[in-house]
Undergrad: 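Below is one structure. I have some questions about it.
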Amino acid sequence: MARLFIAEKPSLGRAIAAGLSKPQKNHKGYIETANGDVVTWCIGHLLEQVEPDAYDSQYKQWKLAHLPIIPQQWKLRPRKSAAGQLAIVKKLIKQFDHLVHAGDPDREGQLLVDEVIDYAGVSAAKKARIQRLLVSDLNVSAVKKALNKMGDNHAFVPLSVSALARSRADWLYGMNLSRAYTLLGQQAGYQGVLSVGRVQTPVLGLVVRRDQEIEDFVPHPFYQLDALLPYQGEMIRARWQPSDACAQWQDPQGRVISRALAENVANRIAGQPAKVTEAERQTRKQAAPLPYNLSALQIDASKRFGFSAKKALDICQQLYERHKLITYPRSDCRYLPKGHFAEAGKVVQAIRQGCQPLIDACDQADTSRKNKAWNDAKVGAHHAIIPTAKAAPAGLSSDEAKLYQLIARQYLMQFFPPAEYAEGKLVFDIAGGCFIAKGKVLTVAGWRSLLPNTQVAEASASPLPHLQPGEQLVCERGEIKDCMTEPPAAFTESSLLQAMTGIGRYVQDKKLKDILRETDGLGTEATRAGIIELLLKRGLLLRQGKTLHATPSGKGLIAALPDSATYPDMTAQWERQLQDMAEKKCAYQPFMHALTEQLQGLIETVKTAPPPTSLKNLPPPPKRQFTRKRRTGDKTTRRKRAPKRQASSG
């Protein structure tokens, strides 16, 4: 009996069709196979949440009296840019009795297709027959294997419910608090939008608090003391390790803050015997870094080329959609399916043909080498970002070539041996004091030979001589280095992305650290660049050279909000409950009920409290519209929003 496969995006649809019967006919928005099966696709979300005025026209005007806005019957509408494909999918759904859900194997992918099926008005009887196809590897052999292991879509309903709760909760939180604080700002004379979101606001909070730490920082001097030990024409430097008796002359980080103490020790050790009490030598291997996910790629692209997160993502989309040179770029995974290993030779050959700077690396790559990157158990909805087996054309732009080379180089590293280091440590007793010398030398470059020469050089420090415990040298003198404490570094786009992916260290509640570690931080691979851009375009962040800083408006908003809105703890709590929902440990209604109660309390505080002083005398907002990206699968669409609107998610 003929089946209709509904994929999340065109690339997945084409991969599924490749695993079905031939010959096939390509139509607008779907593919027809020889046995009557049809494969169609969404373009990411075909539907979106409506604005508040779709529930009641009075909400076109922003008034505190209207808040909180809590829909009793939730509504969706077709996305304008996807209306044509939605019409095709709906028409096909009505023609087939047997449907196959082929969204990505995660909660968002589950909801994305389920909501289209619901919107099409599919009967309960027909829903009961829907099968679920889970594809995380687009190779034909892997797709065929998945086609033979399809399950019942009903078993995945909890994933869909979890994603639905997340979507609605983000709408409620962002829509209501953005309106509330924008209206507070207007009362204080600010005429811009003060955008609040479950993810964007904690990100803004990170930058505000970092700026404040820098502003409040008071430097103080500290001192480092090295013993200089001549040996066979070389000079060994051994750093003094103050004993517990010196604690009163150290700061909380253990740095010596008394120059008199350092001078006293330097005088005591000059010309004194230096006896080796410990000697360690070991060889350490360092495996190649895993292939990129989007965040890791954006971080490296920022460090190497100064690309913004948005620019890196936009270039990736071009390499993926237009040139077909890389795999799906919005991936959060850094592992590869084992089935892809057989394609390594073809991929390396394609890199060799299309990327001249990497020809030598391709010739040296050992494609029979299989490292930890190939791990089916660690591959989720998508695998790591790697080159395809298509050679890059000569017409790539300079930026496209840079990013392709970065991705290709990271892939080639998987076929090189580990880097090897000879590491040494010598502990000396000099006049009763403990001094330690450390050395590290790169002995086998391995995968590091693919890095720029400066990075290879940085990997190797000075070697240490082969000394044994009991051997004795003479300390020539002590050398004091005058140092000054420095403030924390201002956030750059690269370091802010790193903070978003490792957000656990910024939570207030230590119990929540593991939750954020497991859920991979604030935002998703697909949304982090957009969150930073939104904060910039709302005038809450600004770029100063390579660094990011909060504007007066951003600082004022964070000062006006309760701490619960400005730290990532709430996101961790949500994620814990949403994950429990996906695992049938938590229900939808209690989660939403608790959220609405919390929201009502926050709005009541806004209504009864005087306008925060932090929102007064703010400079005018930027006079520009912002471009908001939405998840659309293989294509990125943009929707212009007037400055009077607020972001309802993120």
Side-chain angles (χ1 to χ4, degrees), residues 45 47-50 52 55 66-76 103 106-115 117-118 124 127 152-180 196-202 503-504 507-524 527 561-607 648-650:
H45 280 284
L47 300 161
E48 65 183 3
Q49 297 272 9
V50 299
Y55 294 105
H66 295 157
L67 305 180
I69 299 169
I70 301 174
Q72 299 304 305
Q73 191 69 39
W74 288 86
K75 298 178 182 179
L76 294 173
D106 57 20
R107 69 187 186 200
E108 200 69 21
Q110 185 65 37
L111 174 64
L112 194 144
V113 176
D114 278 344
E115 66 186 6
I117 291 170
D118 286 336
K127 279 186 181 179
D152 182 353
N153 189 57
H154 185 72
F156 297 88
V157 166
L159 273 181
S160 197
V161 171
S162 174
L164 187 65
R166 195 273 317 152
S167 173
R168 291 177 176 176
D170 276 343
W171 189 97
L172 285 170
Y173 188 83
M175 194 69 70
N176 282 289
L177 290 186
S178 292
R179 288 194 173 206
V196 180
R198 174 177 64 97
V199 176
Q200 63 173 277
T201 304
I503 198 66
V507 300
Q508 291 180 300
D509 185 345
K510 293 182 180 179
K511 295 177 183 176
L512 298 174
K513 287 182 182 289
D514 289 341
I515 297 169
L516 278 171
R517 192 177 298 120
E518 291 167 8
T519 57
D520 200 26
L522 276 178
T524 67
T527 62
L561 286 162
D563 280 354
S564 62
T566 68
Y567 282 89
D569 300 52
M570 188 184 73
T571 288
Q573 291 165 342
W574 278 28
E575 285 298 338
R576 177 174 58 190
Q577 294 174 75
L578 292 169
Q579 187 57 40
D580 285 348
M581 210 177 294
E583 296 172 1
K584 299 184 182 180
K585 299 175 185 175
C586 169
Y588 168 89
Q589 288 296 347
F591 172 78
M592 296 300 290
H593 179 70
L595 171 64
T596 53
E597 283 196 336
Q598 178 192 14
L599 197 55
Q600 285 166 341
L602 289 170
I603 297 298
E604 188 60 30
T605 300
V606 170
K607 288 179 177 179
S648 61
S649 63

Undergrad: Please report the interatomic distance CD(Gln598) to CD1(Ile603), rounded to the nearest 0.5 Å.
TA: 10.5 Å

Undergrad: Counting C-beta onward and ignoring hydrogens, is there a side-chain heavy-atom pair between Leu172 and Ile69 closer than 4.5 Å?
TA: no

Undergrad: Check this for me: does any side-chain nitrogen of one of Arg576 and Asp580 sit under 4.0 Å from a carboxylate oxygen of the other?
TA: no

Undergrad: To the nearest 0.5 Å, how far apart are OH in Tyr173 and OG1 in Thr596?
TA: 14.5 Å

Undergrad: Measuring from Glu115:CD to Ser160:OG, what's the distance to the nearest 0.5 Å?
TA: 7.5 Å

Undergrad: Carefully, step by step, assess Glu108 and His45 under the rule side chain to side chain contact (heavy atoms under 4.5 Å, CB included).
TA: CA-CA 9 Å; Glu108 200 69 21; His45 280 284; 2.8 Å; yes

Undergrad: Within the structure provided, determine whether Arg179 and Pro52 are in side-chain contact (heavy-atom separation under 4.5 Å).
TA: yes

Undergrad: Please examine the side chains of Arg168 and Gln49, heavy atoms only from C-beta on, and report whether any two atoms are closer than 4.5 Å.
TA: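 Yes, close enough: below the 4.5 Å cut-off.
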
Undergrad: Heavy atoms, side chains only, cut-off 4.5 Å: are Pro68 and Gln600 in contact?
TA: yes

Undergrad: State, yes or no, whether a side-chain contact exists between Asn153 and Asp114 at a heavy-atom distance under 4.5 Å.
TA: yes

Undergrad: How many angstroms lie between CZ in Phe591 and CD in Gln573, if you round to the nearest 0.5 Å?
TA: 10.5 Å

Undergrad: Do Gln73 and Tyr55 come close enough that some side-chain heavy atom pair is under 4.5 Å?
TA: no

Undergrad: Any side-chain heavy atom of Met581 within less than 4.5 Å of one from Arg166?
TA: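 Side-chain contact under 4.5 Å: no.
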
Undergrad: So does Glu575 pair up with Arg107, basic N to acidic O under 4.0 Å?
TA: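 Yes, Glu575 and Arg107 are salt-bridged.
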
Undergrad: Evaluate whether atom NZ of Lys607 has more than 12 neighbouring non-hydrogen atoms of other residues, nucleotides or ligands under 6.0 angstrom away.
TA: yes

Undergrad: Pick from Leu599, Val606, Leu602: which one makes a side chain to side chain contact (heavy atoms under 4.5 Å, CB included) with Asn176?
TA: Leu599

